[in-house]
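Quick notes on the structure that follows.
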Amino acid sequence: MEKAYDPSEIEPKWQQRWEEEGLYRSDVDPARPKHYALTMLPYPSGELHIGHWYAIAPSDAQARFMRMRGRNVVFPMGFDSFGLPAENAAIKRNIHPKEWTYANIDRMRGQLRRMGTMIDWRREAVSSDPEYYRWTQWFFLQFFLNDLAYRKKAAVDWCPSCNTTLAREQVIGDDRRCERCGTPVIRKELSQWFFRTTRYVEELLDFGPIDWPERVQTLQSRWIGRSEGANVVFPTEAGDPIEVFTTRPDTIWGATFMVLAPDHPLVERLTTPERKAEVDAYVVPALRQTDVQREATDKEKTGVFTGGYAINPASGERIPVWTADYVLMGYGTGAIMAVPAHDERDGEFARKFGLEIKPVIVPESGAMIDSGPLTGTRAEEAFDRTVAYLEERGAGKKAITYRLRDWLISRQRYWGAPIPIVHCPQCGPVGVSEDDLPVLLPDDVEWRPTGESPLKLHPTWKNVECPSCGGPAERETDTMDTFMCSSWYHLRYLSPRYDDGPFDPAEYRYWMPVDLYTGGIEHATMHLIYTRFFHKACRDIGIVQGDEPMIRLRNQGIILGEDSEKMSKSRGNVVAPDELVDRYGADTVRAYLMFFARWDMGGPWNSRGIEGTSRWLRRVWGLFTEPGEGGQANQETVDRLRRKLHQTLKQVTREMGELQFNTVVAALMELQNEMSQARSQGAAGTPAWTEALEIYLKMLAPVAPHIADELWERLGHEGSIHLQDWPEVDEKAAAAEEITLVVQVNGKLRDRITVPVGIADDDARRIALESEGASRFLEGKAVRQVIVVPGRLVNIVAG
RNA sequence: GCGAAAGUGGCGGAAUUGGUAUACGCGCUAGACUUAGGAUCUAGUCCCGAGAGAUCGGGUUGGGGGUUCGAGUCCCCCCUUUCGCACCA
């Protein structure tokens, strides 16, 4: 009696053997076409959850498939290991962030090995390793030297009690209090480092060279937020002109007042002495709010009159200047011309405060009225003619504005890559010499909450000589945003221990760009814009080649809990992959994750559903280990087996390429059913049976790599199945000799007739008309038309 | 409010892109086999009606309308759910 399928026995065995044989090592090989399969690296939060499995295991299957298709595939892995959670966990558990992080990495690395992936662990990169962040710092220096990094003041949320900067998630409640001590936060201006992402806006909007989901393209486009319009200058009575951006310059004759953002520098200068008290009383609390709060649409409009007046450069009218929080300093010029007749928000504001509303556009036609010399201009010309008019008079010019702002990379945090800058009283900010990298993050810091950045409080760390003049100077004590680390990890994977640069150019030339990048949609606007920017910036500096880092992107969906709610510890609906692996084995978990839902959609977990996948793999095991029934198969059985086999191969080949994993597994289940049936009809022992067994295992190999290798060995093969070539479809075998011709009368199904595959249209038509099912419904009716769809159906139109 | 995606049996989902709706799996029903298991195997399982029966007829892809010989698929209107964005001038 053969042994039953026992994944707990075979899986560790094969994992060990793969490791010993170096089966998944991938090296540069110019003789073979490469395939760089990349999946987003995890944050070492503690342990791998089912969402990690969902992202990684099907990606691994696809990479394995590509490898069998003849590509030299690299599928690397690493950890995005800097970041705030390590500091929070450290404070909560009184353990050093480094210790916490590396313990988690060890644990998660072990879990990843149990998954049975083809990860080449020699290429592992960990972003908090000095040999990694040395190069993160190096990239910063390149940006600094090439005018892509600069410093400016920017507001942060600040807790005046803890005396520290708070990240967005550390500020809680509508009244915006510090999560630790409950003190209301204030906004504080600090000098911080920015990258010039805005230099690349236009190129970032071009998705032509890459195959990315529409959804991601839309999200990025909206995030970048390109608007065409005009900048127009309004003189003021106080002297300083106000510049505004408008997408509707053609409504300028209807601009009856202006609004400045509360933090606009001109608010103070335009405010008249008698209005000052009221303006101050409005502006100060307004600035404490977040943009999100200020931008809440359902909120009633508020604002105050500054007492100042501007001149509308088109109409020449004297119009009042207000300040209101519905105008944002961060967008456009931080000031607007208000056209209450044609802008909903301005209209609402004007009605509330009794300001003049002057229509200048005919609602139906869009033509301009009451607009001085341009009165009567048709809608199509309104924009261009108004801009030309304003340009002639030096009052404005065409302009494009973007929502996207430069990337703020400074973090007033400990657990991150130190910014490699020295502040010298004589020379200003000076880059650390490349030879002195990495600027090591010291371990001996006071990382408990003291109210200051740990690096600032370190007794000696920040004291250095200026790299330029040699005088006494201080290190920058801010660290870098972790998105900086994750913007280039795909490059470090190529040569994680390379010492002469961030990556080995030979490896780069062979492997880049990434051919398939998989990961969650949640990174659509941050990571995926930053990494594209990073690549383009590096291209212009001369570090990398090509316009885009990742050619094809695909997103997996989210697995919800069994209650259809988002998984969370507090809800108690978290699915633990380790328990599933203990019970069913990694192959079953992998296969079920590929089967239970469309991969790009995700959906609620079903703990009973996995039984079906488990059953299937046990049946597959039986197919290979139980002796076939006696008897001789007839030709029909053999033909049917081969037809199903090659049809399945064709489908699986196409769908693995398209990442349609659920139907791949369904097709393999169907073929297993067909093979069981063929065996009971005596097919075992025929050449077709042997062919079917081998092709079956090769198709199974990417999905369930352990059982496939085990059964491959039991078939008597030397060497791993994962080194085999993907089988070729035998089109002849796959082709059906007969088809089912569907007969419809007036579009309704009336009969099904088996006919030869290449049947002539006339014959199909005749057979359909004569069919029993159709003739029953044709009695007493005249046939008006017969539509023949070759190889499919005949529709008889009668009445 | 704007944008995107989705809505198919009791459930997860399939449908070669305009041509047999409900593949595959879960669950359920009945039976077989038992060394009684979280086992395995066989048959059945969209709804309604007729029939002892193999079958036969009708209906069905959130709702309504349209295009078409033919619509789950295309167009219009509406409803619901999920996810983004949210006063962007």
Side-chain angles (χ1 to χ4, degrees), chain A residues 4 213-215 218-219 221-223 225-227 229 244-248 251 255 259 261 291-292 294-299 301 324-328 330-339 343-346 348-349 401-403 521-522 524-525 557-558 560 564 566 583-584 592 595-598 600-616 618-619 622 647 650-651 654-655 660 662-673 676 740-752 773 776 784-798:
Chain A
E214 276 297 321
R215 183 144 167 246
T218 307
L219 283 168
S221 298
R222 286 170 68 92
W223 188 259
R226 182 183 200 273
S227 293
V244 301
F245 173 74
T246 174
T247 53
R248 292 294 307 278
T251 63
V259 186
D291 280 358
V292 173
R294 286 173 56 181
E295 291 172 7
T297 19
D298 49 4
K299 201 184 74 175
K301 296 263 179 301
D325 65 4
Y326 80 91
V327 175
L328 308 175
Y331 182 77
T333 62
I336 61 158
M337 63 175 210
V339 185
D343 181 280
E344 218 175 294
R345 297 152 299 172
D346 297 344
E348 196 190 318
F349 193 81
T401 285
Y402 302 89
R403 205 188 86 110
I521 187 81
E522 67 272 19
T525 51
I558 296 170
L560 302 171
S564 295
K566 204 172 164 183
R583 199 157 129 189
Y584 299 102
Y592 184 60
F595 177 66
F596 89 104
R598 256 177 66 171
D600 58 346
M601 304 274 264
W605 182 257
N606 180 344
S607 57
R608 299 183 84 166
I610 194 171
E611 297 282 354
T613 313
S614 177
R615 231 168 261 163
W616 164 57
R618 285 202 298 269
R619 287 181 187 138
Q647 283 174 347
K650 200 171 174 179
Q651 180 186 347
R654 186 183 69 242
E655 292 181 338
Q660 287 163 21
N662 57 337
T663 46
V664 164
V665 177
L668 291 175
M669 287 174 170
E670 274 189 65
L671 180 55
Q672 177 266 312
N673 287 335
S676 289
T740 304
L741 187 71
V742 170
V743 180
Q744 295 181 337
V745 176
N746 292 333
K748 280 186 197 287
L749 176 72
R750 294 306 178 195
D751 215 336
R752 292 187 175 101
R776 260 211 317 272
R784 297 186 203 281
Q785 194 188 350
V786 179
I787 286 145
V788 180
V789 183
R792 281 195 195 277
L793 59 75
V794 176
N795 188 13
I796 303 162
V797 187

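Nothing here was measured: the structure is a model prediction, and the numbers come from that model. Numbers restart at 1 for each chain; the letters A, B, ... are given by sequence-line order, proteins then strands.
Atom C1' of nucleotide B/C24 and atom CG of A/L671 are separated by 13 Å, given to the nearest angstrom. Remark: C1' of B/A6 and CD1 of A/I558 are 14 Å apart, rounded to the nearest angstrom. Here B/A4 presents its P atom at 11 Å from CD of A/E214, a figure rounded to the nearest Å. Taking atom CD of residue A/E655 and atom C1' of nucleotide B/A23, one finds them 12 Å apart after rounding to whole Å. Between the CE atom of A/M601 and the P atom of B/A4 there is a distance of 16 Å, given to the nearest Å. For the pair A/D600 CG and B/A4 P, the interatomic distance rounds to 18 Å; values are reported in whole Å. In this structure, the CG atom of A/N662 is 12 Å from the C1' atom of B/A15, given to the nearest Å. Nucleotide B/U55 holds its P atom 13 Å from the CG atom of A/D751, rounded to whole Å.
As rounded to the nearest Å, B/A15 and B/A23 have P atoms that lie 13 Å from one another. Taking atom P in both B/G25 and B/A43, one finds a spacing of 12 Å when rounded to whole Å. Separating the P atom of B/G51 from that of B/G38 is a span of 45 Å, rounded to the nearest Å. One P atom belongs to B/C69, the other to B/C83, and the distance between them is 43 Å to the nearest Å.
The side chain of A/S227 contributes an N or O atom lying less than 4.0 Å from OP1 or OP2 of B/A89. Distances shown here put a side-chain N or O of A/R345 below 4.0 Å from the OP1 or OP2 atom of B/C88. Contact between the side-chain N/O atoms of A/K748 and the OP1/OP2 oxygens of B/G59 is found at a separation under 4.0 Å.
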Between the protein and nucleotides 26-37 of chain B, list the N/O to N/O atom pairs that are separated by less than 3.5 angstrom.
unit_1: B/C26; atom_1: OP1; unit_2: A/R615; atom_2: NH1; d: 2.5

Look for any protein N or O under 3.5 Å of an N or O in nucleotides 67-74 of chain B and output each such pair with its distance, or none.
unit_1: B/C69; atom_1: O2'; unit_2: A/N795; atom_2: ND2; d: 3.3
unit_1: B/C69; atom_1: O2; unit_2: A/N795; atom_2: ND2; d: 2.6

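Applying the salt bridge (charged side-chain N to carboxylate O under 4.0 Å, His left out) test to A/R776 and every residue at least two apart in sequence or in another chain returns A/E772. Considering only residues two or more places apart in sequence or on other chains, A/Q651 meets the side-chain hydrogen bond (donor to acceptor under 3.5 Å, both in side chains) condition with A/E655. With sequence neighbours left out, the salt bridge (charged side-chain N to carboxylate O under 4.0 Å, His left out) criterion links A/R618 to no other residue. Under the rule for a side-chain contact (heavy atoms from CB on, under 4.5 Å), the partners of A/S607 that lie at least two apart in sequence or sit in another chain are A/E562, A/W605. Under the rule for a side-chain contact (heavy atoms from CB on, under 4.5 Å), the partners of A/R403 that lie at least two apart in sequence or sit in another chain are A/W223, A/Y331. A/K650 meets the salt bridge (charged side-chain N to carboxylate O under 4.0 Å, His left out) test with A/E731; sequence neighbours excluded. Under the rule for a side-chain contact (heavy atoms from CB on, under 4.5 Å), A/E522 has no partner lying at least two apart in sequence or in another chain. With sequence neighbours left out, A/D343 forms a side-chain hydrogen bond (donor to acceptor under 3.5 Å, both in side chains) with A/R345. Legend: residues meeting side-chain contact (heavy atoms from CB on, under 4.5 Å) with A/Q672, ordered by chain and number and at least two apart, are A/W616, A/R619, A/V620, A/L623, A/S676, A/Y696.
Counting any heavy atom pair closer than 4.0 Å across all strands shown, A/R226 reaches no nucleic acid atom. Within the 4.0 angstrom heavy-atom criterion, no nucleotide atom of any strand lies near A/R654. Nucleic acid contact class of A/G602 (heavy atoms, under 4.0 Å, all strands): sugar-phosphate only. Residue A/F595 is in base contact, counting any heavy-atom pair closer than 4.0 Å across all strands shown. Using a 4.0 Å heavy-atom cutoff across all strands shown, A/F596 reaches sugar-phosphate atoms only and no base atom. Backbone-only engagement by A/R618 is indicated by non-hydrogen atom pairs under 4.0 Å involving sugar-phosphate atoms exclusively.
Donor-acceptor pairing under 3.5 Å is lacking for the side chains of A/Y592 and A/N606.
Base orientation of B/G9: syn (glycosidic angle within 90° of 0). In this structure, B/U17 shows a glycosidic angle within 90 degrees of zero, which is the syn conformation.
Checking B/A14, B/U20, B/C88 against the side-chain heavy atoms of A/L328 singles out B/C88 as nearest. The side chain of A/M669 approaches B/G25 more closely than any other nucleotide in the set B/G84, B/A23, B/G25. The listed nucleotides are B/G3, B/C24, B/G58; the one nearest the side chain of A/R222 is B/G3. Closest contact between the side chain of A/V742 and the listed nucleotides B/C83, B/U20, B/C88 involves B/U20. In the set B/A23, B/G13, B/G58, the nucleotide with an atom closest to the side chain of A/R750 is B/G58. Closest to the A/T218 side chain, of the nucleotides B/A89, B/G3, B/C88, is B/G3. Picking from B/G25, B/G57, B/A89 the nucleotide with the shortest atom distance to the side chain of A/R776 gives B/G57.
When side chains are defined from C-beta on, A/V339 does not count as touching A/R248, because their heavy atoms never get closer than 4.5 Å. Taking the side chain as every heavy atom from C-beta outward, A/K748 and A/N746 never approach each other to under 4.5 Å.
Between the A/T218 side chain and the A/E214 main chain, a donor and an acceptor come within less than 3.5 Å of each other.
Each of A/W223 and A/T333 has a nearest nucleotide on RNA chain B; the 5'-most of these lies closest to A/W223. Residues A/L793 and A/D346 both approach RNA chain B. Their nearest nucleotides, taken by heavy-atom distance, put A/L793 toward the 5′ side.
A cation-pi contact, defined as under 6.0 Å to the ring centre and within 45° of the axis, is absent between A/K301 and A/F349.
For RNA chain B, runs of at least 3 consecutive pairs of the Watson-Crick or G-U wobble type, with both hydrogen-bonding distances under 3.5 angstrom, map to B:1-7 with B:79-85, B:10-12 with B:24-26, B:27-32 with B:40-45, B:46-50 with B:55-59, B:62-66 with B:74-78.
No more than 12 heavy atoms of other residues, nucleotides or ligands lie within 6.0 Å of CD1 in A/I558, so this atom counts as exposed by the packing criterion.
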